[in-house]
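A short write-up of the structure that comes next.
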Protein chains: 2
Amino acid sequence: MARSMHVRRPATLASLAAELGVSRTTVSNAYNRPDQLSPELRRRVLDTARRLGYPGPDPVARSLRTRKAGAVGLLLTENLSYAFRDPAAIGFLEGLALACEDAGTGLLLVPANPEREDVASVHRAGVDGFVVYSVPDDDPHLAAVLERPVPTVVCDQPDLGTVDRVGIDDRGAMYELAKHLISLGHRRVGVVCMRLARDRNDGFVTAERQHAAHFHVQRNRLSGLAEAFSEAGVDWSQVPVVERFDHNMASGASGAAQVLDRDPQVTALICTSDVLALGALTEAARRGLRVPHDITVTGFDGIRPGEEAGLTTVRQPVLEKGRAAGKLLLDANERTRPRSVNLATELIIGKTSAAPRGGAEERWFGP
Amino acid sequence: MARSMHVRRPATLASLAAELGVSRTTVSNAYNRPDQLSPELRRRVLDTARRLGYPGPDPVARSLRTRKAGAVGLLLTENLSYAFRDPAAIGFLEGLALACEDAGTGLLLVPANPEREDVASVHRAGVDGFVVYSVPDDDPHLAAVLERPVPTVVCDQPDLGTVDRVGIDDRGAMYELAKHLISLGHRRVGVVCMRLARDRNDGFVTAERQHAAHFHVQRNRLSGLAEAFSEAGVDWSQVPVVERFDHNMASGASGAAQVLDRDPQVTALICTSDVLALGALTEAARRGLRVPHDITVTGFDGIRPGEEAGLTTVRQPVLEKGRAAGKLLLDANERTRPRSVNLATELIIGKTSAAPRGGAEERWFGP
DNA sequence: TGAAAGGACCGTAACGGTTCAGAACCAATT
DNA sequence: AATTGGTTCTGAACCGTTACGGTCCTTTCA
């Protein structure tokens, strides 16, 4: 009980300076610019700091004064933890983290509960810039980010023209995939896609909802499909498109089931992500459908488990996307116009796609 | 070119107050305590803010005054991006993120390059607390965190007695796994472990280095093995233990190769992580060794790919560990003593372990 | 010996907010 | 008429630091 009975206020740079009989500037310099003071004095400052339990300059106060936080913020659609569940998101984050560590910058994951309209977390984030990854274009969090006077990079979002952007040509890539299926002879297809807007709509999607989709990525992938199949003479408005709010394999499976229940004659299940496609594969197996003999299944992304399953898909460089976003943000030059980066994708023809059984004429046996 | 020719300084709360002819307090209240001023005035404040392009109270200045940053920091051993490569780390992060989003707190990933001694990133992090995940006990970044006057939770680290801790009984769990192997008849075994210290040492490990390991988790897992096998009459000092700095499947494979080259007669390869074990499996296959008929392979962690491979391992609740760490940190009560949480593990007997071919007497045929 | 150079340290003024104890005002109660 | 209570708004202190532009003293060199 020999310790001080009164609550001692924590030491600050000022109190340390007072104790030493030097100016605050000098103490500050002891930490930040060793060359600005004599080694002896510096040692004395540091020793006294240790004795007084001064932990060094307060990072927040420093940030206020220097006007840099040493961190970039990341805004995602989903609950924070989603970032660690979705393989594509993980890849993106790894790339972003690579860029951050190169720059010695921290990475702040901003909690943005999509259920609530509460954007306080965005306002509260002490960051030098934002990366926005795949949020709906009408998300209030996105609006809040854009109001903040810091550089921003959007990824997998529409080009806003005002901030940097990185992405892929989702529409073109999906168009190519569709062309591949069409060349195999597929005309009667079904689609399972990820959520198209902030409201939950687990079921069939109207053409209108497809057009009005608030998720840039999904809208463009669907649009690429619609274009290709329309060109091939397919009436896109008759194609069953099923939406799933949650993004996991179970959704892929139930989405596939819903498509197959509606039209058992579809020869191909096109999924807008590999995760959904992997789920569709399980549903096909459950129904005793052999892939690709009885049915073709395709994905999008090029994640590892899809690769192992031999999935026909579009591979996109998720890690590079994250890294590019980080780089764009970290050398944000006020002078430059908003930049837009499109990364290349690659069509991967796996073993889950083949010509439909019986060929194109099969559709004459439809219901 | 009608826009202002001069650079306008960004609006602040003070300039907004001046423009409106009200006090700064009132503007602050307009944002933070709407009930403290009349609705009309509040509207006027917010409208003027929009007109002047005032983005709302600066988060850093607010943090300085309120003494809360609204974020917790995470310190990891590795380069930042490692967090997104290692399955166990991903699970931990998911759990931590869950705890954070429950509390509406941000999660700041602090870049801590293990190569450099530069701990500035720790000093610069504006956070309300730290979670430290599996860093060597002599890491300067850890020391820097402990000097910061904020609550801290260490995970997979020794109990420091001064800060909260969460972990598992690595030693006991590995002891149980070893007992299982011993009961199957294994006496001649080899070990592949993760890095034991900050220096790279890809090769055999002396008993001394095992004891002095700076990674709590690895030290305890090895110690559990040593205890069990010693009790079974095995001279642990003769057991080949190979260390690998990088944690990936390739390391597991090359580590296994090194053990098998040294002693082709080992009947079991014990790996201190599933990732290493998966690599060991590939090396076994490469050599034409059938698992478990020709050789037993075991892991530790209970990650998904291991499960799919039918790996015998110890499953630990990585997600729960992260969540527990977050909870501990977020309701850090000054009054409570440092808490220590041990989570339960489960021994998983998969299909990669079996009794050694020829039984215990085989060792008589050794070199 | 005087001028110039350089090292070491300091004072002041921000940085952009929040908070608390009132002041001013008005209506309702005693 | 004085008191009470409530709402609305204000003034000043404070958060802990760094940027900026000095001053002062000691060397160095012509």
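Computed from a prediction, not measured in an experiment: that's the story for all the values here. Chain letters run A, B, ... following the sequence lines, proteins first, then strands; residues in each count from 1.
Spacing between atom CG of A:Asn29 and atom C1' of D:dG21 amounts to 14 Å, rounded to whole angstrom units. The separation between A:Asp35 atom CG and C:dG7 atom P is 10 Å, rounded to whole Å. Summarising the geometry, the separation between CZ on A:Arg124 and P on C:dG16 is reported as 19 Å, rounded to the nearest angstrom. If you measure from atom CG of A:Asp58 to atom C1' of D:dC14, you get 14 Å, rounded to the nearest angstrom. One atom, CZ of A:Arg33, and another, C1' of D:dT18, lie 8 Å apart when rounded to the nearest Å. Between the CD atom of A:Gln36 and the C1' atom of D:dG22 there is a distance of 13 Å, rounded to whole Å. Atom CG of A:Leu13 is separated from atom P of D:dC14 by 18 Å (rounded to the nearest Å). Atom-to-atom, CZ of B:Arg62 to P of C:dT19 comes out at 9 Å; the value is rounded to the nearest Å.
Out of D:dT18, C:dC10, D:dA13, the shortest distance to the side chain of A:Thr26 is found at C:dC10. For B:Asn32, the side-chain atoms get nearest to C:dT18 when compared with the rest of C:dT18, C:dG16, D:dT17. Counting only heavy atoms from C-beta on, A:Arg24 has its side chain closest to D:dT18 among C:dG17, D:dT10, D:dT18. Among the nucleotides C:dT19, D:dC14, D:dT18, the one closest to the side chain of B:Arg65 is D:dC14. Nearest to the side chain of A:Ser38, among C:dA8, D:dT17, D:dA19, sits C:dA8. For B:Thr12, taking side-chain heavy atoms from C-beta onward, the closest of the listed nucleotides D:dT18, D:dC9, C:dG17 is C:dG17.
Where B:Leu64 and B:Thr25 each meet DNA chain C at their nearest nucleotide, the meeting point lying more 5' is that of B:Leu64.
Within the structure, a side-chain polar atom (N or O) of B:Tyr54 is placed less than 4.0 Å from OP1 or OP2 of C:dG17. A sub-4.0 Å separation between OP1 or OP2 of C:dT18 and a side-chain N or O of B:Ser28 is present. Contact check, A:Arg67 against C:dC15: no side-chain N or O comes under 4.0 Å of OP1 or OP2.
For the pair B:Arg67 and B:Asp128, the salt-bridge criterion is not met [side-chain N within less than 4.0 Å of a carboxylate O]. At a threshold of 4.0 Å, the pair B:Asp138-B:Arg198 counts as salt-bridged, since one of the basic side-chain nitrogens sits closer than that to a carboxylate oxygen. The residues A:Glu320 and A:Arg323 are annotated as salt-bridged, a charged nitrogen and a carboxylate oxygen being separated by less than 4.0 angstrom.
Within 4.0 Å (heavy atoms only), B:Arg42 reaches no atom of the nucleic acid at all. Contacts of A:Val22 with the nucleic acid, taken as non-hydrogen atoms under 4.0 Å apart, involve only primed sugar atoms and P, OP1 or OP2.
For B:Phe84 and A:Phe84, the gap between ring centers is short of 6.0 Å.
Inspection of the B:Arg165 and B:Asn342 side chains reveals an N or O donor paired with an N or O acceptor under 3.5 Å.
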